[in-house]
Every structure is written in structure tokens, then in C-alpha cells.
Asks: 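Have a look at the structure that comes next, please.
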Amino acid sequence: MVLAILALVIVGYIPVLVGDFVPQDQWRAFTYGVNVDGLQKWTACVNGRLNFFVLTGRPLVWIPECIEHGFIHDITDFKLLRLLGLAVLLATMLISGFVFRKLVDSYWKGILLAAPLVFSPGYAFMFYQGQTAGGVLAAVAFALASVYFSFTYIDDAIQLKGKEKVVIGVFSALFFLLALFNYPAFAFVAFSVIFLIVAYTKNINLVKRGKILLLMFVFYGFLCVLYFLSVKILSHFVATMDLGDYKFSVSDPFSILAKVQAVASKLFNTEILVNFFGIPYLGLAAVCGAAFFVPANSTNTQLSARLLPIVSFLILFPVIAILSSAPVILSNFEGIPNRHVIPGQFMIGFSAFIILIKLSERFFSKAVIPFILLFALSIIAVQQSRISVNLVQDSTVEVSAIRNAVVNLLKDEEWRRGKHVHILRPNSGSFIQKFTWFNSGEYAPALGQNPAHVKEMFTMALRGRLNKED
């Protein structure tokens, strides 16, 4: 079952692993001159990116991107490095199996519960970016590993000795700090995972749930403060610059409330469970449906004892889902990108999958359950694959158009007579209309989203032309 689940996830992303695909930010690999070698590109990338990422609170996220810049010479080189991204994705799912197995009494079902995470719009967008977002994907894996060690630390069934507890606690803190130093918006998925584990763990009374939740949030809150102070200290050692939308901005309480409202609307009033679902309010329906199973965790059969967990769940769920998007709420972004609300997306998707697992266990035999769950996952994987195919096709059109333009320009020697090259950029808005579940330009063609990519595309085409002539 584990191999079947992982294989279906690969199906969702395999088109970008075999095609000539370059999304928006990944074109930065062609920022450099045509004849610049790998070491020079690495050095230029570090010098050009390090200060920005330190000042925006992501002091480690640049490492995979700069490695990629040093390695890439042509578009075909991206394929090999995308395998690293796939390895991180699969490792994230394997880690989730350990994190969630006690909730569903099965390791493979725990892996299945990671499907809403790796197929969520925010995670998919980052996966498509290759090693430009390699540190971002790693942040999720680090966050899950941290949560695993945290719950191992407090697990009464595991009798840890003094030194063992210290080691486990250090690992938990270290992994979460690594996640924060890579990408806080994805590291905050830890808060969502903690709440989901506390809510769905069987045979724990409400008071103990509250204590665990409070203990975990205090611990991770302390680590967040430590991270913030560390970044502030690091920022004094780098040159200042204009941070644009990434600037930490708290102008007044009303602006924060407006951001909270925008995040809530993004999570509960749009089709964000996974990329293909087109049913409005599905997120809120998943929350309400999931609450139906919370009372089953209580050993007390009195009505009041059953209603209290439901009410607590319905109050805390949206609060944690929204507050876990704090990095974007406190930023200067006017819109709410899908990639910045991934903790809330995962909470909703996780709840829907829990419902599916519980219903299948209630109404079907054990022999049939795996086929039901694999069928549900296959639907998502196929639809994700369609998205991947569409993105590869659009990228191929862009690449072919630029390559042909450069070939014609050099062949006819028009470059000797003219000083300008005219580029007709595609309309991003018309592209997004093809995918009604997207509310931003995250998946728009590179040329349509950012004119800076024109120069990078020309560099790519010229570099390929020179290679052929050599």
C-alpha cells in the first residue's frame, strides 16, 4: 500500500519530471551571462540573494537555488534536479506516516493523510518551482519531523530516560528552527499538525487535550520568538534593501483584521481542498463533518461530554487555521497567495480525508477499504497530472517561441540592423480563467507574469544556440 500511494503521488507530478518545463521564478537560473561557468554563477547567486533572504526571514532558503544556478546550463538540466524535489516530497510523506499512524492505527493510512498536503495548491506551486523552492519543501519535512519528536517526547507509552528526553527535545527544536529559517509560512504547518493530532487522538479526555495543546503551542511559540530574535541579529550583518511585499508591516489593528478576513475567505469560501475540487464552501463542510467524529474519542457517553469537544473543535479549527498564516498576515502583501495559507489548506484537506477513512471503516470490510482510499487518491492524482501537463505545455510554447525568435534573429542577421526586439507577452488573466480554482497569478506563464523573464529566456536561447555551434 505504501508503494501504491507513493506511485499515485508521482503520477500527479510526473509530467514536469520528463518535459522541458520552466516556471516563473526558476528562470532566474538564466540571469547570468552566456559564458559564465558554474562556480561564477554560484558566487553571483550568493552575493545577489543572500542579503534579501536574510532580511526577509529566510536565511537558509537560498542554498538549493544557488546550487541549481551553478548546475544549470540548459533547460534539460532541470529534469535531474527535479528528482531531488520529488525525493523531498516522498520523504515528507514517509515522515507523515510516523506522525499520523496512531490516529488511524496504520502506517500506510498515515502516509495517505499527507496527500492533502502534497497536492494542496500552495505545495504544488512550490514543487513546480524546482530547487528555487527546494528549501521551502524541506521546511515542511523539517516541521513534520519536529512534531514527531515532540509527541515522542510526551508519549507515556515510550519510557525515555533523562538523556534520551534531552536528545529528543533538542531534535524537535532543531528541526523546527531549520523549518523556520527556510520558510516560516510552510514551517507553521507544525501548528496545524499539532492541533489535528490532539483533536483526533483516541481515548484522551478534553482536559488532557487542552494541556497537550497548550504545552505544544508554548514550546513552539518560544521557538518562534527565538527564530525572530536570531533573524533580527543576523539582519544587522547584511546590507539593507527595499523588501517590497516581504516587509514586516503592522500599520494598524484594522489592517491586521482585514488580512485575517482575507485569509478566512481564502480558506473557507473558496475551492482549496485540493487543486481540482470545484464545490464552494467544501472547506467549511469538511470542518463540520470532521467534528462529528471528535466525540467518538471521548470515553464519556453523556451528551454534554460529547457536545463540548464539538464546540471546542469548531471554535479552535478556524482560529488555528487562520493564525497559522501569520507570516502573510503580518507581511506587506496586498493579496493572499495560495502558498502562504498552506497550513489552513492542509487542515481542511486532512479533515476531509479523516472523514473518508472513518466512513470507509464504518461501512466497508477491511479488504475493501484500501481500494476505496486508493481510488479516491487516484482521482486527485489524475487531476493533478492534468494540471502538470497543462503547465508543461504552456511552458513548452514559451520556450519554443523564444528559441525560434533567436534562431531567426541570428540567421537573418537582423540584430545588426535593429536595436530592439519586440515581445508580445501573453495575458495572464485569460490563462487563469482556464483554471477556475486559482485566484492568483501563481500559475500564469512566466512571460505574462513578469517581463524580467524576457532577458532570462533570451540568455537561455542564446546559450543553447552557442552550444550547437560549438
Side-chain angles (χ1 to χ4, degrees), residues 96 99-100 103 113-126 139-140 143-144 147 176 179-180 183-201 209-210 212-214 216-217 220-221 224 256-275 277 279-294 309-331 333 335-355 437 439-440:
S96 73
V99 176
F100 299 125
L103 298 183
L113 287 173
L117 175 64
V118 299
F119 281 143
S120 66
Y123 193 96
F125 171 77
M126 289 300 187
V140 178
L144 285 172
V147 173
F176 188 63
L180 287 172
Y183 206 79
F186 275 44
F188 274 33
V189 76
F191 291 99
S192 300
V193 172
I194 290 168
F195 173 76
L196 293 168
I197 292 175
V198 171
Y200 290 113
T201 299
R209 291 180 199 274
I212 295 174
L213 197 64
L214 180 61
M216 289 290 185
F217 280 11
Y220 281 93
C224 288
I256 296 179
L257 290 176
K259 278 289 188 69
V260 169
Q261 183 182 9
V263 170
S265 177
K266 186 81 171 180
L267 291 176
F268 300 108
N269 197 28
T270 55
E271 309 85 345
I272 58 86
L273 177 55
V274 286
N275 282 349
F277 280 140
I279 306 174
Y281 306 103
L282 184 58
L284 188 58
V287 174
C288 296
F292 172 76
F293 296 101
V294 176
I310 293 179
V311 174
S312 302
F313 185 90
L314 290 177
I315 292 174
L316 288 176
F317 191 105
V319 170
I320 294 174
I322 293 169
L323 292 183
S324 62
S325 299
V328 70
I329 292 175
L330 299 178
S331 72
F333 278 92
I336 307 295
N338 273 321
R339 62 186 182 275
H340 288 166
V341 293
I342 187 174
Q345 290 176 348
F346 178 53
M347 289 178 70
I348 294 169
F350 184 97
S351 298
F353 266 63
I354 278 286
I355 292 173
W437 51 85
N439 294 324
S440 68

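This structure is a prediction, so every number in the text was calculated from the model and none was measured.
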Asks: Nearest heavy-atom pair of Met216 and Ile194: which atoms, and what distance?
Replies: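 Heavy-atom minimum between the residues: CB-CG2, 3.7 Å.
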Asks: Would you compute the distance between atom CG of Leu113 and atom CD1 of Ile354 and round it to the nearest 0.5 angstrom?
Replies: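 CD1 of Ile354 is found 5.0 Å from CG of Leu113.
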Asks: Spell out, as yes or no, whether a donor-acceptor pair under 3.5 Å connects the side chain of Arg209 to the backbone of Thr201.
Replies: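 Side chain of Arg209 to backbone of Thr201, a donor-acceptor pair under 3.5 Å: yes, one is there.
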Asks: Which atom pairs, one a donor and one an acceptor, fall under 3.5 Å between side chains of residues 317-326 and the rest of the protein, sequence neighbours left out?
Replies:
| from | atom 1 | to | atom 2 | distance (Å) |
| --- | --- | --- | --- | --- |
| Ser324 | OG | Ile320 | O | 3.0 |
| Ser324 | OG | Ala321 | O | 2.8 |

Asks: Report the residues that fulfil ring pair (Phe, Tyr, Trp, His ring centres under 6.0 Å) with Phe191, sequence neighbours left out, ordered by chain and then residue number.
Replies: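 Here the qualifying residues are Phe188, Phe217.
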Asks: Parallel, tilted or perpendicular: which fits the ring planes of His340 and Tyr183, with parallel below 30° and perpendicular above 60°?
Replies: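 His340 vs Tyr183 ring planes: tilted.
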Asks: Determine whether Ile342 and Leu117 make a side-chain contact, defined as any pair of heavy atoms from C-beta on separated by less than 4.5 Å.
Replies: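 Answer yes - side chains close enough.
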Asks: Would you call the rings of Phe350 and Phe100 parallel, tilted or perpendicular, where under 30° means parallel and over 60° means perpendicular?
Replies: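 It falls in the tilted class, 30° to 60°.
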Asks: With a 4.5 Å heavy-atom cut-off, do Tyr200 and Phe313 have their side chains touching?
Replies: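 Tyr200 vs Phe313: side chains touch.
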Asks: If you compare all heavy atoms of Ala190 against all heavy atoms of Ala143, which two are closest, and at what distance to 0.1 Å?
Replies: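 Smallest heavy-atom distance, with atoms named: CB-CB, 4.2 Å.
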Asks: Would you check if Phe186 and Met126 make a side-chain contact, meaning some heavy-atom pair closer than 4.5 Å?
Replies: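 Phe186 reaches Met126 side chain to side chain.
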Asks: May I ask you to test the Phe346-Leu196 pair for a side-chain heavy-atom distance under 4.5 Å?
Replies: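 Result yes, sub-4.5 Å side-chain heavy-atom pair found.
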Asks: Please find the pair of heavy atoms, one from Ser192 and one from Gly344, that lie closest to each other, and give the distance.
Replies: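 Ser192 and Gly344 have their closest heavy atoms at OG-N, 4.3 Å.
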